[in-house]
Amino acid sequence: VNLANQNFSSSKTDEQNARSHVGYYLIGQGRKELLGKIGYRYSPLESASILFNKVPTLFYLLPIFTITIVSAKWILKLFPELQNANAILYYFTALLITLITSEFVILFTQQIYALIIKPKPLPKLDLDQGIPSELATNVVIQTIFNDLDSVEKLIEAIEIRYLSNPHKNLYFGILADLPDSSTPNKIGDQGLINFASQRIKDLNFKHGQELFFIMFRERTYNSADNNYMGWERKRGKIHEFNQFVLGKETGFNFIVGDISKIKQAKYVITLDNDTKLPPKSAKKLIGAIAHPLNQAVVDPNTKIVSSGYAIMQPRMSTNSESSYSSIFSYIFAGESGLDPYTRTVSDTYQDLFHHGSYVGKGIYNIEAFEASLENRFADNHLLSHDLIESCFAKCAIASDIELFDDFPSKYNSQSKRLHRWIRGDWQIIDWLLPIVRGKKGTYKNPISLISKWKIIDNLRRSLIPIAQFILILIGYSLITERGHFLWTTSILLLSSFSVLGVICSIFANLPIGFSASRWYSSLIIELYRVLRLIAL
């Protein structure tokens, strides 16, 4: 309390706000200072933990690289035919084996850390009495309206999200674009806008207050695609909406709703069309990001969030209805449904580095988000922007808060989704370089080593399926027929270890309260699902 009082000021910055909170010294960055004041003596284990926390990147990446290389060399020695192959082919094969071996090693390393380092829930404000006006928040869905049916479905979805979280100072809106066109305006645009606007007015009348809003952007010419479209699609909508809230000029040319309420918001909860917002989850997200220890502090030199968080990413689970919609979704979607324990589960990047990965659904601080991302990205460059945004606007994983997404019911739908994600992953490869291109020219790349590793890890993961396929072809052409079975089995086993991680994670996150019979029953069901997934 004395330490907190020493840092108290009536006109506080976000950093001073954290330092004047007792939690800063009990569970935050000031803990070392408190222990020094009381003359605390560290045990050998605690001293080792302090050393680990100083260089977590070294302790995370060194075992991964070491075990991967050793394992790959051991696998190569099992097949003497490879030793006699052309040098270029041998090293290419070694590279592919290293690539798919890394998947198992990374999974194994993460599971070990999940067992050693217990996940800690983020501190939160208790907002059970309501959301105060200074923490007002906009809940928004970004979409492209193609027809009246798509409008009707989204209007219903936004009302359901309100009924699940009917809190004062929480407003619900749709950020809409019209379909791409060869002209700035086309027949049918005004009909869609009028219909959507009237449905929003009906919702506000039905609930007796101005809670809902909708905003349309005008199309702009895109020279890369040679058509008219919403500037930068989803990323552009979010950026322009933030600018609108901050009182700046934007491309939103048609707005229905109470503009004064929209502009008083400090935070935005952003959702996809199919993202469900369970009861009380909005209050929990606001309570987490608004806590003094989580307040985002933007470094004045690098313009990166140096402490606290600009983004809170909840745990994303699969909606039960969609996971049982087909045999494909049942096998591939994994665990689904509400977690009755809302337990804090392990996330390696959050637990080790206090720096999670953003997947586009969560809450963010408008001012800190914009300050850290201003002019970072060139136009027509990014399709998938969530991960790279969280490298600048630091993201926390609030794994004890759960939202739900639908899972594709068909293989081709999932393939299209993966194609979009992989395309996006390769588009941010620039940020592995020391100099990158932004909206107003080049600048020195300020993101951390672990952020660069996240980018590399996504690229690595995208290459694994084709690496497996090429390896099987190489093995069948170089290895004698007697070795075909061992070669194929080795490749498939390495591929299967990543799926078997589901079972490891179940043990790592064993919830309290299950009876033994229920637990083993659920484990057998999950094991059966995983075995079918491996077979496919």
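Note that the coordinates shown come from a computational prediction; the quantities given were computed from them, not determined experimentally.
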> Would I193 and L178 count as a side-chain contact (heavy atoms from CB on, under 4.5 Å) if you check the C-alpha gap in whole Å, the side-chain angles of each, and the deciding distance to 0.1 Å?
Replying inline: CA-CA 9 Å; I193 292 172; L178 294 166; 4.1 Å; yes
> Sequence neighbours excluded, which residues qualify as ring-ring contact (aromatic ring centres under 6.0 Å, His included) partners of H167?
Replying inline: none
May I have the list of side-chain donor-acceptor pairs in residues 434-442 shorter than 3.5 Å, sequence neighbours left out?
| from | atom 1 | to | atom 2 | distance (Å) |
| --- | --- | --- | --- | --- |
| K439 | NZ | D379 | OD1 | 3.3 |
| K439 | NZ | D379 | OD2 | 3.4 |

>> Quick one, R315 with I397, criterion side-chain contact (heavy atoms from CB on, under 4.5 Å). Give me CA distance, side-chain angles, the key distance, then yes/no.
In response: CA-CA 7 Å; R315 175 159 42 126; I397 303 296; 5.9 Å; no
> When the aromatic ring centroids of W231 and Y221 are compared, is their separation below 6.0 Å?
Replying inline: no
> Under the salt bridge (Lys or Arg N to Asp or Glu O under 4.0 Å) criterion, do D400 and K124 qualify, and how do the steps go?
Replying inline: CA-CA 11 Å; D400 54 343; K124 302 176 188 67; 2.8 Å; yes
> Between D128 and K283, is a side-chain contact (heavy atoms from CB on, under 4.5 Å) present by the stated rule, with each step listed?
Replying inline: CA-CA 8 Å; D128 277 351; K283 283 199 299 188; 4.0 Å; yes
>> Can you see whether Y443 engages N375 through a side-chain donor-acceptor pair at a distance of less than 3.5 angstrom?
In response: no
> What are the two closest heavy atoms between C395 and Q313, and how far apart are they?
Replying inline: SG-CB, 3.6 Å
>> The criterion is salt bridge (Lys or Arg N to Asp or Glu O under 4.0 Å); which residues satisfy it with K248, sequence neighbours excluded?
In response: none
> So how far is it from Y324 OH to S329 OG, rounded to the nearest 0.5 Å?
Replying inline: 9.5 Å
>> Please verify the inter-ring angle class for F216 with F145; under 30° counts as parallel, over 60° as perpendicular, anything in between as tilted.
In response: tilted
>> The test is ring pair (Phe, Tyr, Trp, His ring centres under 6.0 Å); show your working for Y60 and F353 and say whether it passes.
In response: CA-CA 10 Å; Y60 178 66; F353 310 105; 5.7 Å; yes
>> Suppose we screen for ring-ring contact (aromatic ring centres under 6.0 Å, His included). Which residues come up paired with F52, at least two apart in sequence or across chains?
In response: F59, Y113
>> Using the side-chain hydrogen bond (donor to acceptor under 3.5 Å, both in side chains) criterion, which residues pair with T137? Sequence neighbours excluded.
In response: none
>> According to salt bridge (Lys or Arg N to Asp or Glu O under 4.0 Å), who are the partners of K153, at least two apart in sequence or on a separate chain?
In response: D149
> L271 and V140: side-chain contact (heavy atoms from CB on, under 4.5 Å), yes or no, with the steps?
Replying inline: CA-CA 6 Å; L271 308 172; V140 300; over 6 Å; no
>> For residues 269-282, which residue pairs pass the side chain to side chain donor-acceptor pair (under 3.5 Å) check, not counting sequence neighbours?
In response: Q142-T270, T143-N273, K234-D272, D272-K361, T275-D405, K276-D406
>> Could you walk me through whether Y25 and N7 satisfy the side chain to side chain donor-acceptor pair (under 3.5 Å) test, starting with their C-alpha distance in whole Å, then the side-chain angles of each, then the deciding distance to 0.1 Å, before giving a yes or no?
In response: CA-CA 12 Å; Y25 304 96; N7 287 285; 2.8 Å; yes
> Can you name the residues that form a side chain to side chain contact (heavy atoms under 4.5 Å, CB included) with S49, not counting sequence neighbours?
Replying inline: N53
> Would D202 and Q198 satisfy side chain to side chain donor-acceptor pair (under 3.5 Å), going step by step from the backbone distance to the final call?
Replying inline: CA-CA 6 Å; D202 293 343; Q198 187 57 51; 2.9 Å; yes
> Does Y349 have any ring-ring contact (aromatic ring centres under 6.0 Å, His included) partners at least two apart in sequence or in another chain, and if so, which?
Replying inline: none
> Do N445 side-chain atoms and I447 backbone N/O form a donor-acceptor pair below 3.5 Å?
Replying inline: yes
> Taking the six-membered ring of F407, is the NZ or CZ of R417 close enough (under 6.0 Å from the centre) and on axis enough (within 45°)?
Replying inline: yes
>> Would you compute the distance between atom CG of N458 and atom CD1 of I429 and round it to the nearest 0.5 angstrom?
In response: 11.5 Å
>> List the residues meeting salt bridge (Lys or Arg N to Asp or Glu O under 4.0 Å) with E210, not counting sequence neighbours, and say none if there are none.
In response: none
>> Just verifying a value: how many Å separate N242 CG and F369 CZ, rounded to the nearest 0.5 Å?
In response: 6.0 Å
>> Counting neighbours of CD on Q129 that are heavy atoms of other residues, nucleotides or ligands and sit closer than 6.0 Å, is the number greater than 12?
In response: no
>> I'd like to know if the side chain of N319 reaches the main chain of F404, judged simply by a donor and an acceptor atom lying under 3.5 Å from each other, with no hydrogens or angles considered.
In response: no
> Once you round to the nearest 0.5 Å, how far does CG of L135 lie from CG of N169?
Replying inline: 8.5 Å
>> For R460, is there an ion pair with D457 - N to carboxylate O distance below 4.0 angstrom?
In response: yes
> Any chance the side chains of S448 and S451 put a donor and an acceptor closer than 3.5 Å?
Replying inline: yes
>> Which heavy atom of N301 sits nearest to which heavy atom of D299, and what is that distance?
In response: N-OD1, 2.7 Å
>> Can you confirm whether more than 12 heavy atoms, excluding those of E156, are under 6.0 Å from its CD atom?
In response: no
> With K237, which residues qualify under salt bridge (Lys or Arg N to Asp or Glu O under 4.0 Å), at least two apart?
Replying inline: D177
> Just checking, any donor-acceptor pair under 3.5 angstrom between side chains of N380 and N222?
Replying inline: yes
>> Check the orientation of H207 and F212. Use parallel for under 30°, tilted for 30 to 60°, and perpendicular for over 60°.
In response: tilted
> Hey, is CD on E152 packed in by over 12 heavy atoms from elsewhere, all under 6.0 Å?
Replying inline: yes
> Does any pair with a residue in residues 249-264 pass side chain to side chain donor-acceptor pair (under 3.5 Å), and if so which ones, sequence neighbours excluded?
Replying inline: Y171-Q264, D258-S260
>> I'd like to know if the side chain of H354 pairs up with that of K394 as donor and acceptor (distance under 3.5 Å, no hydrogens or angles considered).
In response: no
> What is the distance from atom CG of L192 to atom OG of S150, rounded to the nearest 0.5 Å?
Replying inline: 6.5 Å
